[in-house]
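Please read the structure below before turning to the comments.
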Amino acid sequence: MKAFILDRYRKKGALRFGDRQEPSPLPDDVVIAVRAAGLNQLDSKVRDGEFKLFLPYRMPLVLGHDVAGTVVRVGANVRRFQPGDEVYARPRDGRIGGFAEFIAVDEADVAHKPGNIGMEEAASLPLVALTAWQALVETATLKPGQKVLIHAGSGGVGTIAIQLAKHLGASVATTTSTANIDLVRSLGADVVIDYKTQAFEDVLSGYDVVLNSLDAKTLRKSLAVLKPGGKLISISGPPDPAFARTQRLNWGLRQVMRALSFGIRRKAKARRIDYSFLFMRADGEQLACIASLVEDGGIRPVLDRTFPFAQTNEAMAYLETGRAKGKVVVTLDDA
Ligand SMILES: NC(=O)c1ccc[n+]([C@@H]2O[C@H](COP(=O)([O-])OP(=O)(O)OC[C@H]3O[C@@H](n4cnc5c(N)ncnc54)[C@H](OP(=O)(O)O)[C@@H]3O)[C@@H](O)[C@H]2O)c1
């Protein structure tokens, strides 16, 4: 089969378009004929070697963390899926490989694709929707009437997080640039901060939750908008000791993560704010809940651009401009 392959970690390095053996399923796997694959900043970060200490991959590696497609084979233990099913998935860490014609995925990471959207839209959802779910439902336990600030509302995570927070009954503020104000309003944002002309920390106060996906400066400033007892959840770092424990990292790495997050944890504690770093995980059951939400109209995918599979490197470069409005997806219909 054809795939986009990483031969060694390299900053901004192009992926090699080459041949790989078609996967056979382990007993708990489904093999998916990929029809569309979503791109994520995580693909670029893995390629650049940024995560090699706690996500050590053996080369050559097929990148790609999001897929939608049709089941073509199932392993002996699989009960929930059969050939012909239309599914979507965020394959677990260690078993990624969506930039390929086929991928074997543990059935626990897979769900039936929402029936009211196409393959491209379905492939845009898993990683960012699971991130939003794990941040707002699991970590924040967001309640109706609470106030949440979602940074970068026009991005892959932001476009879904705004809609999920509204679905949960929260009041949502978001940051974006002038050009994307209408987009984030159309997704339900109640308060829009144009970061080109306003400083969010001067405008917002008394918030229950902040979801940060931006830099360390934004993270620090976000403390000022939270009320005591509020939650600061960051998906862009710094990693904290709790994350190191769940990843079962060695003692040395645990100390590194403790040190990296020491400053923000100390500042948060002084204000009685709970800081946590979230690194999303694969979860087929949550994806099934998200599929229901999409079918009920609670969440709609936001696609910025699709590229043909052959242009996966161009699609990566586009995503890496950091200006995407929603998601970037490659389609395999022409493969
Ligand atoms: N830890 C995890 O589990 C996890 C999961 C998912 C993502 N992430 C991380 O979260 C970050 C965001 O991911 P993503 O997929 O949402 O990225 P993305 O789709 O590439 O984000 C692009 C968006 O960010 C906006 N943006 C850029 N600078 C901004 C600023 N200063 N203020 C407000 N908005 C700004 C841009 O809007 P404008 O053009 O209007 O500026 C653009 O729409 C990445 O670092 C990613 O690696 C982590």
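Because the structure is a prediction, the values reported are computed rather than measured. Residues take their numbers from the sequence shown, with the count starting at 1. When a ligand or atom number is given, it counts from 1 through the structure's own listing order.
- The nearest heavy-atom contact from the protein to atom 21 (O) of ligand 1 is Gly155 CA, 3.7 Å.
- Judged by a 6.0 Å distance limit and a 45° cone about the ring axis, Arg305 is positioned over the six-membered ring of Tyr318.
- Among all non-hydrogen protein atoms, the one lying nearest atom 13 (O) of ligand 1 is Val157 CG2, 4.0 Å.
- More than 12 heavy atoms of other shown residues, nucleotides or ligands fall within 6.0 angstrom of atom CZ in Phe17.
- Distances shorter than 4.0 angstrom occur between a heavy atom of Lys45 and an atom of ligand 1.
- Atom 34 (N) of ligand 1 has Ala152 CA, 3.2 Å as its closest protein atom, hydrogens excluded (heavy atom only).
- Proximity of Leu127 to ligand 1 is established by a heavy-atom distance of less than 4.0 Å.
- Counting heavy atoms closer than 4.0 Å to ligand 1, residue Ala324 contributes backbone atoms (N, CA, C, O) but none from C-beta onward.
- Shortest contact from atom 19 (O) of ligand 1 to any protein heavy atom: Gly156 N, 2.7 Å.
- Considering backbone and side-chain N/O atoms, Thr131 never comes within less than 3.5 Å of an N/O atom of ligand 1.
- Distances between N or O atoms of Tyr195 and those of ligand 1 include at least one value under 3.5 Å.
- Heavy atoms of Asn40 come nearer than 4.0 angstrom to ligand 1 in no pair at all.
- Listed by first and then second residue, the ring pair (Phe, Tyr, Trp, His ring centres under 6.0 Å) pairs that reach into residues 25-77 are Phe51-Phe54, Phe51-Phe279, Phe54-Phe243, Phe54-Phe279, sequence neighbours excluded.
- Checked by distance only, ligand 1 and Leu278 come closer than 3.5 Å through their nitrogen or oxygen atoms.
- Checking only distances, Phe277 never comes within under 3.5 Å of ligand 1, N or O to N or O.
- Results of the side-chain contact (heavy atoms from CB on, under 4.5 Å) test with Phe99 over Ile5, Val34, Asp43, Asn313 single out Asp43 as the only residue that passes.
- For Thr175, heavy-atom contacts with ligand 1 shorter than 4.0 Å involve the backbone as well as the side chain.
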Could you go through the side chain to side chain contact (heavy atoms under 4.5 Å, CB included) check for Ile96 and Arg90 one step at a time? CA-CA 8 Å; Ile96 62 171; Arg90 187 302 200 192; 4.2 Å; yes
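- Scanning the protein heavy atoms around atom 11 (C) of ligand 1, the nearest turns out to be Ser213 O, 3.6 Å.
- In terms of protein heavy-atom proximity, atom 26 (N) of ligand 1 is nearest to Arg323 NH2, 3.9 Å.
- Annotation: Lys325 places no N or O atom under 3.5 Å from an N or O atom of ligand 1; distance criterion only.
- For ligand 1, one of its N or O atoms has an N or O atom of Ile235 under 3.5 Å away.
- The six-membered or imidazole ring of Phe81 lies near that of His112, with a centre-to-centre distance under 6.0 Å.
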